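Since the model is a prediction, treat every value here as computed from it, not as a measurement. Numbers restart at 1 for each chain; the letters A, B, ... are given by sequence-line order, proteins then strands.
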There are 2 protein chains.
Amino acid sequence: PTSAFTNAFTNAKAGMEGVDREMVKRVVHDMSVNSAHFATESRKEAAVEAKILAMKKRAASIRPSALATIKAAVDDRVARMEASRDLTKTWVHVDMDSFFASVHILERPELRDVPMAVGGMSMISTANYAARKFGVRSAMPGFIAKKLCPQLVFVDSDFAKYKHYASLTREVFKEYDPQFDAGSLDEAYLEISAYCAGKSMTPADVAEALRREVREKTKLTCSAGVAPTRRLAKVCSDANKPDGQMVIEPTRDAVAALLSSLPVRKIGGVGKVLDRTLAAFGIATCGDLLRERALVVALFSEVQSDFLLGVAIGVGGEARPARPPGWAPQRKSLSQERTFAPTADARALAAKIAALAEEVAAGLARENLLTRTVTLKMKRADFEVAQRQTSLPRPTNDAQTISDAALRLFRGEKNTHGSLRLLG
Amino acid sequence: PTSAFTNAFTNAKAGMEGVDREMVKRVVHDMSVNSAHFATESRKEAAVEAKILAMKKRAASIRPSALATIKAAVDDRVARMEASRDLTKTWVHVDMDSFFASVHILERPELRDVPMAVGGMSMISTANYAARKFGVRSAMPGFIAKKLCPQLVFVDSDFAKYKHYASLTREVFKEYDPQFDAGSLDEAYLEISAYCAGKSMTPADVAEALRREVREKTKLTCSAGVAPTRRLAKVCSDANKPDGQMVIEPTRDAVAALLSSLPVRKIGGVGKVLDRTLAAFGIATCGDLLRERALVVALFSEVQSDFLLGVAIGVGGEARPARPPGWAPQRKSLSQERTFAPTADARALAAKIAALAEEVAAGLARENLLTRTVTLKMKRADFEVAQRQTSLPRPTNDAQTISDAALRLFRGEKNTHGSLRLLG
DNA sequence: ATACATACC
DNA sequence: TACTGGTATGTAT
DNA sequence: ATACATACC
DNA sequence: TACTGGTATGTAT
């Protein structure tokens, strides 16, 4: 179970080409192996392995005849999906290159060529390309990054700045697709078929123009992927990073050719666990996924197998999500959490809960929202996470009410929790 | 809220053509109006009306622009459903004519021409056509039926007999489709496209032949519906009852023509409540449903609107449910319930629970099954139903274990239940 | 998982 | 006098 | 509804 | 010394 964990930071990634992956793996392992965090991760991995083992058992018990029946049904479904495949939309996924780091470099150009990371000793959110040469990358704890690269410079994150530059990029995106969809600060999906037709330009040229304009307006580079679906566009934007782009022609064959050897892990939504689960059944690429489609449908839930089938044939995410005009993104939750030095002092913990409740209440008030459910998240010193949730009799944004509810949940737990390192 | 209830037994139904519906309505109402049952039904109807009112409010708050967006998405979906529409399957729904009653008539021909019903003073399951002339019909309490038709003869049901005749019909069905699907004792779905091709016969001729053969082998008549989907076949089998059949040609236009004026209530799965709900939005026919498709998608859950959209365009239920060879129907629950003279005697009720648990355990043993959840159903003297459910630590078919679990649930309720009239 | 409603025969 | 019994499925929490 | 895991940036 | 914080979504019960 430990190999997956120590492998976490050695996966191929833009800017990591010359890295001595074995060395990185060893450093990460040595810096982690005696920590509580490592122990918890190992336990979680054991749980995943157990789940996979159960699936293997189930797979072994499926009669070949049953699998054949499923295969026929799946093939039918695939045929129908293919028949209604829509290749007329042109999606672009734009992804800023090491966004947070690049923003800081813009104002402090001397940071370009020294290894630099945004974040601190606990956690890094982005690293510049100079740092990546040492194996430093996002979501790596800073103290490990520092071990890999002693001269690494840390820069504090500055979200106000990132938002400013994000808004500049969005000004550009708007020209190409007024309804563009910004997932986060540093990326967006645009549907440019109308734009291409209006300007008589190829999608590749539009992507070039868009990236040029982003660079002019922000002095930042970005990468782009062009494809008939969002999912594939996202895969493509990652393919030629940084400052590059990739286009898949909108034909069934071009899509199939790309997918045949594409690692499933490259697909948005396929994370560490799903990747490992599929790997246990010999499925590493989307081509494997297509070949093993009957097994996939037999083993996974309908939601998952629908998703995986769509991945396998490159269908899904063609249509722009239907939204009434004037629609604004509807937030579904709002939270605050904080990590601190582990403590079992109930008074201190209660004070933290009250403070977090204040922040949440302020957030709700700011957005003119009310909540009916309050969730308390606790992470123990050993990284064990527990959540407790309760429904309020009526919607509120009152800090006192929220705090009281959370404290009630907290007291209900008193017995079990040793010391806590996080509350949310 | 009372009109729907008193209308329950006056809907158009085979054999009810000459009936004085106003008279029937009055009798049913007069016989019911002072009962606890009527009170509960009225309360339930009020709840439905409230739900409808809430939906109306929601409907009123939908902006026309939002509705237009939904409509565009729905039209897209409908187009895709139409594009992948499968008209190559030929489904037959065979439905025995007043099955239980006809079986008794077979052995006692004198019952043919006197009004007769299977069941008793509490409840009737089927009536012969002589009885239907008086407004007597299935699911009507016997004492009301007797009021409508004082000379009505009651016959006790005899499931062994029904099963015997059902097996004879199934011998016939098997010839036309070895994989036929028997929903209940008196009906089945057959997919006869292969049979038609093999014999170079039209579907109508095959249906005639099948009905002739059923009549020869059982001396019972049945009706049949032929259509490209199960859903439509079922509608058709009801259209020319008794001893008749109806065929929809497998073309988009023929289906659309049938649907345009077909009451939604004729569709399997659309019951009293959904019918009334749709009626509240001016939707009475499948044609209405198609016209109001955007509203339907806006108001109903995804499961419901998927179903209703399929109903509206006549798509759904083309494919034979995919089952591995050797598949046997998997039962999902097994239950016993009994109605008795209302009592609050805890001892007597506990004894009934133990007895029911014995029956259930025997049933589980007979089918080699184990259960992990035990549900106790209680109906109070005022017809109020409550269910309590619990999970067992491990699967069992032991009567004592099941009984203990049910009694635990029963005791947990002791406070509230007045006297009970049913346990299950 | 639990509670209850809807639907069909 | 008197409104079932059995199973599956949907919805809400 | 409740509890928890997965995924993404 | 040191493995985040915020949101959405899926799964199981």
Side-chain angles (χ1 to χ4, degrees), chain A residues 31-32 35-38 40-41 44 47-48 99-100 119-126 138-144 146 157 183-187 268-274 301 303-304 307 331-339 341 373 375 377 383 385-391 421-422 424, chain B residues 31-32 35-38 40-41 44 47-48 99-100 119-126 138-144 146 157 183-187 268-274 301 303-304 307 331-339 341 373 375 377 383 385-391 421-422 424:
Chain A
M31 297 293 288
S32 297
S35 68
H37 183 257
F38 187 89
T40 318
E41 287 302 311
K44 278 199 217 161
V48 169
F99 184 55
F100 293 179
M121 285 305 247
S122 293
M123 187 50 64
I124 280 173
S125 63
T126 336
S138 43
M140 178 179 272
F143 69 94
I144 294 181
K146 191 87 183 175
S157 61
S184 59
L185 289 174
D186 76 329
E187 59 175 346
V270 179
K272 197 174 65 165
V273 170
L274 184 50
S301 76
V303 174
Q304 294 246 74
F307 165 71
R331 106 147 45 235
K332 301 186 179 164
S333 73
L334 187 156
S335 67
Q336 289 287 328
E337 64 187 59
R338 212 71 35 155
T339 295
T373 58
T375 301
K377 175 174 173 181
F383 289 85
V385 174
Q387 287 186 78
R388 297 294 173 257
Q389 184 189 322
T390 188
S391 302
R421 69 185 323 275
L422 173 146
Chain B
M31 296 293 287
S32 298
S35 68
H37 183 256
F38 187 90
T40 319
E41 288 301 312
K44 279 198 216 163
V48 169
F99 184 54
F100 294 178
M121 284 304 249
S122 292
M123 187 50 63
I124 280 174
S125 64
T126 337
S138 44
M140 178 179 273
F143 70 92
I144 294 181
K146 191 88 183 173
S157 61
S184 59
L185 289 174
D186 77 329
E187 59 176 346
V270 178
K272 196 174 68 164
V273 170
L274 184 50
S301 75
V303 174
Q304 294 246 75
F307 165 70
R331 107 149 44 236
K332 299 186 179 163
S333 73
L334 187 157
S335 68
Q336 289 287 328
E337 65 187 60
R338 213 73 35 163
T339 295
T373 59
T375 302
K377 176 173 172 180
F383 289 85
V385 174
Q387 287 185 77
R388 298 293 173 258
Q389 184 189 324
T390 187
S391 302
R421 69 186 323 275
L422 173 147

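- The CZ-C1' distance, from A/Phe38 to F/dA2, rounds to 17 Å in whole Å.
- Counting any heavy atom pair closer than 4.0 Å across all strands shown, A/Phe99 reaches no nucleic acid atom.
- Of the two residues near DNA chain C, B/Glu187 and B/Gln389, the one whose nearest nucleotide lies more 5' is B/Gln389.
- Rounded to whole Å, the P atom of F/dG10 lies 29 Å from the corresponding atom of C/dT6.
- If you check every strand for non-hydrogen atoms under 4.0 Å, A/Ser301 touches sugar and phosphate atoms only.
- Figure legend. F/dT13 is base-paired to E/dA1; pairs are counted as Watson-Crick or G-U wobble with both atom distances under 3.5 Å.
- Out of F/dG10, D/dT9, F/dT9, the shortest distance to the side chain of A/Gln304 is found at F/dG10.
- At F/dG6, one or more side-chain N or O atoms of A/Gln336 fall inside 4.0 Å of OP1 or OP2 (strictly under the cut-off).
- When the nucleotides D/dA2, F/dT7, F/dC3 are ranked by their closest atom to the side chain of A/Ser333, F/dT7 comes out on top.
- Nucleotides C/dA5 and D/dT4 are separated by 15 Å at their P atoms, to the nearest Å.
- Taking atom CZ of residue A/Arg338 and atom P of nucleotide F/dT4, one finds them 13 Å apart after rounding to whole Å.
- Candidate nucleotides D/dA2, E/dA7, E/dA3 were compared by shortest atom distance to the side chain of A/Arg388, and E/dA3 ranks first.
- Listed nucleotides: C/dA7, D/dT9, E/dC4. Nearest to the side chain of A/Ala386: E/dC4.
- The residue A/Leu274 sits close only to the backbone: its heavy atoms come under 4.0 Å of sugar-phosphate atoms, none of a base.
- Following rounding to the nearest Å, B/Arg331 (CZ) and D/dT9 (C1') show an atom-to-atom distance of 16 Å.
- The shortest distance between the side-chain N/O atoms of B/Lys146 and the OP1/OP2 oxygens of D/dA2 is not below 4.0 Å.
- For the pair B/Met123 CE and D/dG6 P, the computed distance is 14 Å after rounding to whole Å.
- In the set F/dA8, D/dG5, D/dG10, D/dG10 carries the atom at the smallest distance from any side-chain atom of B/Val303.
- Atom-to-atom, CD of B/Glu337 to P of D/dC3 comes out at 14 Å; the value is rounded to the nearest Å.
- Which of C/dC9, D/dC3, F/dC3 sits closest to the side chain of A/His37 comes down to F/dC3.
- Using a 4.5 Å cut-off on side-chain heavy atoms (C-beta onward), B/Gln304 and B/Leu274 make contact.
- In terms of phosphate contacts, A/Ser35 brings no side-chain nitrogen or oxygen within less than 4.0 Å of OP1 or OP2 of F/dC3.
- When rounded to the nearest whole Å, the span between CD1 of A/Ile144 and C1' of F/dA2 equals 9 Å.
- Toward the 5′ end of DNA chain C lies the nearest nucleotide of B/Ser391, the other residue of the pair B/Lys44 and B/Ser391 mapping further downstream.
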Hey, mind stepping through A/Phe307 and A/Val270 against side-chain contact (heavy atoms from CB on, under 4.5 Å) and telling me if it holds? CA-CA 10 Å; A/Phe307 165 71; A/Val270 179; 4.0 Å; yes
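- Here F/dT4 is the nucleotide among F/dT4, C/dA1, D/dT4 with the atom lying nearest to any side-chain atom of A/Thr339.
- Rounded to whole Å, the P atom of C/dT2 lies 11 Å from the corresponding atom of F/dT13.
- Separation of the C1' atoms belonging to C/dC8 and F/dT7 is 43 Å when rounded to the nearest angstrom.
- Rounding to whole angstrom units, CG of residue A/Leu334 and P of F/dG6 are separated by 9 Å.
- Dashed line: the shortest gap from a side-chain N or O of A/Ser335 to OP1 or OP2 of F/dG6 is not under 4.0 Å.
- Taking only side-chain atoms of B/Ser122, from C-beta outward, the nucleotide of E/dT6, D/dA2, F/dG10 with the closest atom is D/dA2.
- We find that CD of B/Gln387 is positioned 14 Å from C1' of D/dT11, with the value rounded to whole Å.
- In this structure E/dC8 sits in a base pair with F/dG6, meeting the Watson-Crick or G-U test at under 3.5 Å.
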